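The structure appears right after this line, and notes come after that.
Values reported hereafter were calculated over all heavy atoms of this structure, with side chains retained and with hydrogens, waters and symmetry mates removed. For clarity, every value in this text was computed on a predicted model and none was experimentally measured.
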There are 2 protein chains.
Amino acid sequence: MKKVTINSVASHAGVSKKTVSRVLNNEPNVSAATREKVLAVFKELDYTPNPIARGLAQNRSFIIGCLYDNPSKSYITRVQTGALAACQENNYNLLIHPCEYRGEALISNVEQLLQTSRLDGIVLTPPFGDFPELVEFLTAKKIPFARVASAILQDESISVRSNDEQGAFEITEHLISLGHKSIAFIKGHPDHSATQQRFKGYRRALANHNIEFDERLVEEGNFSYHSGVDSARSILDLSPRPTAVFASNDYMAAAVLKLATQRQLRVPDDISIAGFDNAPIARHIWPGLTTIAQPVEEMTKLAVTQLINHITEPQEQPFQITLESRLITRESTARVNP
Amino acid sequence: MKKVTINSVASHAGVSKKTVSRVLNNEPNVSAATREKVLAVFKELDYTPNPIARGLAQNRSFIIGCLYDNPSKSYITRVQTGALAACQENNYNLLIHPCEYRGEALISNVEQLLQTSRLDGIVLTPPFGDFPELVEFLTAKKIPFARVASAILQDESISVRSNDEQGAFEITEHLISLGHKSIAFIKGHPDHSATQQRFKGYRRALANHNIEFDERLVEEGNFSYHSGVDSARSILDLSPRPTAVFASNDYMAAAVLKLATQRQLRVPDDISIAGFDNAPIARHIWPGLTTIAQPVEEMTKLAVTQLINHITEPQEQPFQITLESRLITRESTARVNP
DNA sequence: TTTGACTGTGACACCGGTGTCATAATATTT
DNA sequence: AAATATTATGACACCGGTGTCACAGTCAAA
């Protein structure tokens with residue numbers, strides 16, 4: 001019942017620690033016979049290397065940190081799912097670090113995180129990938145990082161995003177194709193680059209059909225359900241009332257739906273509602289929300305996989321990639337009532 | 001820009017490593033003058049100890065693992081929030097480990113987790129706290145653990161739960177007080193002890209008012225939204241249709257609400273719906289769900305705090321505690337229509 | 001047969017802390 | 001003042017791995 005270490009394996013197999021280490025790491029220059037012998041002892045003693053000792057020797061922790069501050073819990077869950085998938089495939093662990101700081105405090109908070117846990121790399125989820133000070137700080141400290149769903153940077157960092165502008169364009173086009181001309185828009189959190197992108201897509205679709213942009217139809221949200229309620233109130237109070245609302249995420253869209261229903265409006269007959277993200281809530285409510293499905297899990301998994309590759313093989317060229325999103329139509333949008 | 005280690009601090013301060021270590025750990029037997037001097041060097045060199053090295057020496061990782069397999073994502077989010085709060089207060093990190101295995105495979109999966117990450121302790125969230133083989137395994141391996149929302153065991157382990165039976169009793173009483181006599185019930189996942197507890201509370205309330213228990217009104221769910229849809233279908237097809245439905249969690253209740261609305265039933269006029277947990281969705285939909293609020297974050301925080309205390313001071317007596325839940329009435333329940 | 005290149009192996013230092021123990025310095029008791 | 005107890009400090013081994021380098025053995029080329 002004693003602890004099995006590299007030393008016990010070495011003495012059992014009658015070889016040196018270093019040779020055991022070579023077998024462990026699949027290093028060359030070990031004869032087939034020796035390798036067999038050591039592997040047999042691994043089995044016999046049920047040996048597994050101590051990752052902490054390994055970490056100390058190599059100055060690695062085998063831990064990836066995930067930094068987030070997002071009002072949408074389901075988004076975080078999806079990010080975690082993707083990150084975990086990548087970690088498990090590579091024998092890494094995932095440390096989660098919610099963080100609400102900004103500016104100076106953010107930097108020192110992250111600095112402390114790095115000092116107390118010696119992360120091998122860090123995933124920046126929205127909005128952190130869009131904070132230049134943070135990106136510069138990590139670059140200066142030589143901490144590998146990957147950005148998820150952030151704006152494109154003209155550098156060599158790892159970044160995986162989806163095409164928010166195009167998604168917003170398509171869903172707005174969808175509404176327009178149903179005859180809507182007065183389409184309200186609820187913006188997301190101003191810190192998130194997706195917020196600008198989605199707004200741009202909305203405006204491009206309007207322009208594409210020569211629908212005049214009307215500033216009164218635009219509300220400032222922050223991706224939270226609560227902000228959706230506030231925005232919905234303003235929008236539903238407008239006169240004339242818009243025939244459709246496009247909210248920058250599904251939580252806010254759900255808020256619009258709730259308020260509209262509370263006010264005895266029929267959705268989609270009296271007003272169409274569209275969201276973004278394809279969060280679980282989009283199909284948990286009635287009517288189901290028309291929305292844009294983003295491959296959040298896939299994006300994060302790709303980002304973390306690349307991050308781990310980069311940690312193990314720093315010479316490999318990192319790449320930035322943009323995944324496609326797709327329109328999902330449900331019951332919350334319909335042809336405008338004449 | 002060199003790395004600052006305990007050695008550099010020691011030579012800078014003109015003392016031995018060990019003395020620096022003493023200052024670091026607030027050990028006694030260091031003169032005030034020496035302590036001052038060392039602390040000054042800490043500041044000057046901006047020193048922070050390497051947790052990996054410390055971990056190797058003490059055979060600790062400063063990491064708590066959180067084991068989960070729960071169809072309700074929002075529940076996990078809340079668990080994480082509570083666990084993180086406790087970890088941050090104690091300079092621990094949280095490693096998340098979703099795991100869908102059962103029986104033998106579960107044990108070997110957890111064994112591997114422990115081997116590859118040397119967790120200092122582990123939080124068992126539902127349903128894992130109710131798996132005797134797992135509890136025995138961890139006890140045998142002497143891995144400290146805490147159970148959240150699991151059944152009471154007659155031992156000295158750490159456990160924090162809420163009173164599911166009482167909560168279910170109260171919400172059923174609430175429905176009965178509104179005149180309902182035909183109340184359908186949707187069970188949760190059979191692996192979760194809460195499932196039995198909530199069912200017991202439901203039956204106790206019925207018995208309390210001499211309402212005969214009718215097996216046809218009971219559906220097997222598993223806490224997922226999808227299972228709620230299936231159960232809802234059976235229930236709404238019953239004739240006569242029950243006047244109320246009590247689902248064992250809010251996701252399943254939301255599914256009932258969606259299906260009922262889809263079928264043109266008015267909630268709560270035609271049918272009352274009650275849930276459990278007070279998940280975000282309970283207030284994101286219309287009508288809002290009457291439900292039982294459980295202090296999930298608080299429970300988990302308490303459990304993890306106690307777990308960390310137990311790791312640091314193993315002599316302290318662990319305790320089991322049951323927190324209270326409370327009824328939240330919203331729009332989804334109303335007096336039965338005569 | 002000698003030379004040089006290459007393969008397989010182990011000794012040993014090192015990563016950055018902590019634990020043990022001996023000893024020097026100081027305080028207390030007799 | 002001497003004997004004893006207490007406090008402060010450092011030397012050194014240790015945690016369990018990896019990196020460096022020296023060296024013996026093997027094999028092909030000269």
For this session: With sequence neighbours excluded, give me every ring-ring contact (aromatic ring centres under 6.0 Å, His included) pair touching residues 5-46 of chain B.
Result: B:Phe42-B:Tyr47

Problem set entry | Value in whole Å for how far the P atom of C:dG16 lies from CG of B:Asn25 | 17 Å

Problem set entry | Separation of C:dC15 C1' from A:Arg60 CZ (nearest whole Å) | 14 Å

For this session: Return no unless some side-chain N or O of B:Lys3 is found under 4.0 Å from OP1 or OP2 of C:dG16.
Result: yes

Exercise. What are the residues of residues 27-45 of chain B, sorted by number, that bring a heavy atom to within less than 4.0 Å of DNA chain C?
Worked result: none

Exercise. So, A:Ser74 versus A:Thr77: side-chain donor-acceptor pair below 3.5 Å or not?
Worked result: no

Problem set entry | Between P of D:dC12 and CG of B:Asn7, the distance in whole Å | 14 Å

For this session: Could you pull out the closest heavy-atom pair between B:Thr125 and B:Leu67, with the gap in Å?
Result: OG1-O, 2.7 Å

Seminar exercise, completed: Per-helix bend value, the helix from C:dT1-D:dA30 to C:dT30-D:dA1, C1' rotation axes over five pairs per end, 10° rounding, shows 40°

Exercise. To the nearest angstrom, how far is B:Leu56 atom CG from C:dG16 atom P?
Worked result: 12 Å

For this session: To the nearest Å, give me how far apart CZ (B:Arg118) and P (C:dG17) are.
Result: 21 Å

Exercise. With a non-hydrogen cut-off below 4.0 angstrom, is A:Val15 in contact with a base, only sugar-phosphate, or nothing?
Worked result: sugar-phosphate

Exercise. Do B:Asn109 and B:His97 have side-chain atoms, one donor and one acceptor, less than 3.5 Å apart?
Worked result: yes

Exercise. Does A:Thr19 place a side-chain N or O at less than 4.0 Å from the phosphate oxygens OP1/OP2 of C:dG10?
Worked result: yes

Problem set entry | Separation of C:dG16 C1' from B:Asn50 CG (nearest whole Å) | 6 Å

For this session: List the atom of A:Ala149, the atom of A:Pro126, and the distance in Å for their closest heavy-atom pair.
Result: CB-CG, 3.7 Å

Under 3.5 Å, N/O pairs linking protein and nucleotides 22-25 of chain D:
none

Exercise. Under 4.0 Å between a side-chain N or O of B:Ser16 and OP1 or OP2 of D:dT9?
Worked result: no

Exercise. How close or far is atom C1' of D:dT18 from atom CD1 of A:Ile52, stated in whole angstroms?
Worked result: 16 Å

Problem set entry | Any donor-acceptor N/O pair, A:Asn93 side chain to A:Ile63 backbone, under 3.5 Å | no

Exercise. For B:Phe319, does its backbone N or O pair with a side-chain atom of B:Gln306 as donor and acceptor, under 3.5 Å?
Worked result: yes

Exercise. Strictly by modelled atom types, are B:Glu297 and B:Thr81 linked by a side-chain donor-acceptor pair under 3.5 Å?
Worked result: no

Seminar exercise, completed: Judged by nearest nucleotide, the residue sitting upstream toward the 5' end of DNA chain D, A:Ala53 or B:Gly14, is B:Gly14

For this session: Please state whether the base of D:dG17 and the side chain of A:Lys17 form at least one donor-acceptor pair under 3.5 Å?
Result: yes

Exercise. Looking only at heavy atoms, what is the nearest atom pair of B:Val79 and B:Cys66, with distance?
Worked result: CG1-SG, 4.0 Å

Exercise. Nearest heavy-atom pair of B:Ser162 and B:Thr322: which atoms, and what distance?
Worked result: C-CG2, 3.8 Å

For this session: Please report the shortest heavy-atom distance between B:Ala13 and B:Lys37, naming the atom on each side.
Result: O-CE, 3.5 Å

Problem set entry | Donor-acceptor under 3.5 Å (A:Thr19 side chain, A:Val15 main chain) | no

For this session: For the pair B:Phe131 and B:Phe128, name the ring-plane relationship: parallel under 30°, tilted 30 to 60°, perpendicular over 60°.
Result: perpendicular

Problem set entry | Sequence neighbours excluded - ring-ring contact (aromatic ring centres under 6.0 Å, His included) pairs with any residue from residues 56-96 of chain B | B:Phe62-B:Tyr92

What N/O pairs connect the protein and nucleotides 24-27 of chain C at under 3.5 Å? Give each pair on its own line.
none

Exercise. More than 12 heavy atoms of other residues, nucleotides or ligands under 6.0 Å from CD of B:Gln112: is that the case?
Worked result: no

Seminar exercise, completed: Regarding the side chain of A:Gln58, the nearest nucleotide among D:dT18, C:dG19, C:dG17 is D:dT18

For this session: Let me know the distance between CG of B:Asn26 and P of C:dT18, rounded to the nearest Å.
Result: 12 Å

